[in-house]
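First the structure, in the form of structure tokens, and then the observations on it.
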There are 2 protein chains.
Amino acid sequence: MPAPGTSLRRSRDDVADMALRLLDEQGLPALTMRHLATALGVQPSALYWHFPNKQALLASVSERILAPMGEEPLGGMPMHEAVRTVGARMRECLLAHRDASELVSSSLALGLVSSPVRAKLLDVARLRGVPASLAEVAAEAVMHFVVGFTFHEQQRLAAGQLGLLEEPVSSSVEGARADSPGGDDFTEALTMIAHGLEVSIAQYRNHHR
Amino acid sequence: MPAPGTSLRRSRDDVADMALRLLDEQGLPALTMRHLATALGVQPSALYWHFPNKQALLASVSERILAPMGEEPLGGMPMHEAVRTVGARMRECLLAHRDASELVSSSLALGLVSSPVRAKLLDVARLRGVPASLAEVAAEAVMHFVVGFTFHEQQRLAAGQLGLLEEPVSSSVEGARADSPGGDDFTEALTMIAHGLEVSIAQYRNHHR
DNA sequence: ACCTGAACACCGTTCAAGT
DNA sequence: ACCTGAACACCGTTCAAGT
């Protein structure tokens with residue numbers, strides 16, 4: 001349990017930081033306004049000066065979780081490779097924090113956070129002369145697949161941590177590489193979507209030549 | 001508001017039926033054990049004789065929502081057509097009930113309900129000599145995409161019903177056909193996944209000839 | 001077998017009032 | 001500008017006891 005906040009007043013960022021810490025240490029069900037207030041050494045009502053409601057707080061935690069997506073250098077990557085890279089990177093972001101995919105899934109559905117996959121794929125598409133509409137469709141397929149798959153995956157992790165399974169649970173991102181169950185399925189599904197995008201691009205070019 | 005239950009004792013099915021009705025009429029946030037009990041003319045604690053907890057209740061509602069998937073005749077459909085058909089059908093199931101995708105999304109993630117897409121696609125794959133592993137991967141991509149996309153879509157519907165948008169909101173399944181925003185993106189993304197599956201099948205056959 | 005009554009241990013949010 | 005105190009209107013779940 002985190003120690004109560006040390007000093008007098010805290011910023012919006014302090015609140016979001018502590019929320020992410022609470023998420024990592026105790027999971028989404030424990031991320032309540034009341035627990036968060038206690039962890040900050042403050043009354044629950046104080047949080048409503050910094051955020052209008054809990055969903056807004058959760059959205060700002062979602063943004064922190066997805067922030068590393070912004071640093072990914074996609075350069076002049078071919079489209080199909082960009083699809084796989086950006087999908088894998090998003091999965092890493094989600095697996096890096098407990099219950100992150102459930103949280104991000106709802107922030108995305110509520111439209112309180114914008115898709116980092118979309119921005120990335122649109123960039124690459126522009127550089128390579130691929131129609132934006134195709135990139136948008138691929139981005140939607142990739143994003144929903146990654147979030148849904150990882151949600152399911154993270155749920156299994158949580159069940160394992162509760163002692164229902166005996167496999168060693170690696171909580172770090174390393175688990176996302178090879179040994180995690182379903183890891184291969186994840187990569188293969190992403191490859192499938194990448195293939196599908198290439199076919200759509202080819203069809204588009206044939207039709208507009 | 002539904003009238004209190006008429007007679008003496010109710011079955012597990014009665015409870016699930018009323019829960020689905022409550023979901024349709026008032027949405028997921030109003031589907032509480034206490035509201036449900038009131039609608040049935042019963043004390044909240046009575047529900048725990050029929051279901052061990054709320055998640056189990058919600059899982060059984062999810063099964064009802066997905067039940068129409070079982071009736072879809074896929075016959076000797078080619079694989080890529082099966083992907084599109086089963087995806088579109090699942091979306092119809094989800095759009096047929098208020099907040100259904102959010103509910104089903106969590107039941108699926110918790111592993112309390114099995115993917116209807118998986119069973120369907122494995123059937124078709126067997127009939128057409130497509131390796132089951134490829135069908136499984138495609139099923140995962142399709143299912144997560146459909147649930148995620150429809151979740152997002154249904155959230156927009158809910159926002160529209162709350163008066164934030166001015167477009168006419170068709171709550172029936174008709175809206176899923178053509179006029180709903182994003183309907184084209186949905187079909188195109190499914191087509192993309194179908195294409196990708198065909199490429200993977202071709203590669204597999206090349207490699208194993 | 002099916003349900004009541006009463007309690008336990010919580011939630012998010014609002015708002016006047018303080019400093 | 002930032003927070004307290006106190007309240008409002010809720011939750012899911014348990015469990016002895018009733019019929």
Side-chain angles (χ1 to χ4, degrees), chain A residues 1-20 22-23 25-62 99 102-103 106-107 109-110 112 158 162, chain B residues 1-20 22-23 25-62 99 102-103 106-107 109-110 112 158 162:
Chain A
M1 196 178 308
T6 53
S7 62
L8 305 111
R9 336 212 106 184
R10 45 286 290 159
S11 67
R12 206 183 133 96
D13 274 346
D14 293 335
V15 176
D17 281 344
M18 184 61 90
L20 183 52
L22 216 55
L23 181 72
E25 290 174 0
Q26 321 208 187
L28 191 54
L31 182 42
T32 69
M33 298 303 261
R34 296 172 114 100
H35 284 165
L36 180 53
T38 303
L40 289 163
V42 116
Q43 295 295 314
S45 48
L47 301 176
Y48 290 84
W49 193 90
H50 298 284
F51 294 92
N53 50 52
K54 191 183 180 181
Q55 276 303 339
L57 205 204
L58 294 183
S60 113
V61 175
S62 293
D99 293 344
E102 182 174 2
L103 194 166
S106 97
S107 291
L110 292 173
L112 299 176
L162 265 150
Chain B
M1 200 176 306
T6 54
S7 61
L8 304 111
R9 335 211 105 182
R10 42 291 287 159
S11 67
R12 205 184 135 97
D13 274 348
D14 293 335
V15 176
D17 281 345
M18 183 61 90
L20 183 52
L22 216 55
L23 180 73
E25 291 174 358
Q26 320 207 189
L28 190 55
L31 182 41
T32 70
M33 297 304 260
R34 297 172 114 100
H35 283 165
L36 180 54
T38 303
L40 289 163
V42 116
Q43 293 296 314
S45 48
L47 301 176
Y48 289 84
W49 194 91
H50 297 285
F51 294 92
N53 51 53
K54 191 183 181 182
Q55 276 303 339
L57 205 202
L58 294 183
S60 113
V61 175
S62 294
D99 293 344
E102 183 174 2
L103 194 167
S106 98
S107 291
L110 291 173
L112 299 176
L162 265 150

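A note on names: the letters A, B, ... follow the listed sequences, proteins ahead of strands, and every chain is numbered from 1. Only this structure's heavy atoms are used, side chains among them; waters, hydrogens and symmetry mates stay out.
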*With C1' as the reference atom in both, quote the distance from D:dC11 to C:dC8 in angstrom, rounded to an integer.*
12 Å
_Close approaches to DNA chain C from residues 45-58 of chain B, in residue order (heavy atom, under 4.0 Å)_ = B:Ser45, B:Ala46, B:Trp49, B:His50
*Could you check how far CG of B:Leu31 sits from C1' of D:dG12, rounded to whole Å?*
13 Å
*Supply the atom-to-atom distance B:Gln55 CD to B:Leu110 CG, rounded to the nearest 0.5 angstrom.*
5.0 Å
_Rounded distance in Å between the C1' positions of C:dC15 and D:dC3_ = 13 Å
*For A:Asp13, what residues pass the salt bridge (charged side-chain N to carboxylate O under 4.0 Å, His left out) criterion, not counting sequence neighbours?*
A:Arg64
_Short side-chain N/O contact from A:Gln43 to OP1 or OP2 of D:dG5, under 4.0 Å_ = yes
*Quick one: A:Met33 CE to C:dC10 P, roughly how many Å, whole number?*
18 Å
*With sequence neighbours left out, write down each residue that passes side-chain contact (heavy atoms from CB on, under 4.5 Å) with A:Ser107, or none if nothing qualifies.*
A:Ala59, A:Ser62, A:Leu103, A:Val113
_Go nucleotide by nucleotide along DNA chain C from the 5' end; which of B:Arg34 and A:Pro29 gets its closest nucleotide reached first?_
B:Arg34
*Could you give the CZ-to-P distance, from B:Arg10 to C:dC2, as a whole number of Å?*
12 Å
_For a 4.5 angstrom cut-off between non-hydrogen side-chain atoms, does A:Leu58 reach A:Leu31?_
yes
_Tell me the closest heavy-atom pair linking A:Ala30 and A:His35, and the distance in Å._
O-ND1, 2.9 Å
*Can you name the side-chain hydrogen bond (donor to acceptor under 3.5 Å, both in side chains) partners of A:Asn53, sequence neighbours left out?*
none
_Applying side-chain contact (heavy atoms from CB on, under 4.5 Å), can you list everything that pairs with A:Ala109, at least two apart in sequence or on another chain?_
B:Phe151, B:Gln155
*asked:* Checking B:Gln43 now: which residues fulfil side-chain contact (heavy atoms from CB on, under 4.5 Å) with it, not counting sequence neighbours?
replied: B:Ser45
Using the 3.5 Å cut-off, write out each protein N or O paired with an N or O of nucleotides 16-19 of chain C and the distance between them.
none

*Would you indicate whether the side-chain heavy atoms of A:Leu36 and A:Leu57 approach each other to under 4.5 Å?*
yes
*Treat a base pair as Watson-Crick or G-U wobble with both distances under 3.5 Å, then lay out DNA chain C in dot-bracket form, 5' to 3', with | for cross-strand pairs.*
||.|||||...|||||.||
*So, does B:Arg10 use its side chain to make a donor-acceptor pair with the main chain of B:Val15 at under 3.5 Å?*
no
*asked:* Once side-chain contact (heavy atoms from CB on, under 4.5 Å) is applied, do any residues pair with A:Ala37, and if so which ones, sequence neighbours excluded?
replied: A:Val42, A:Pro44, A:Leu47
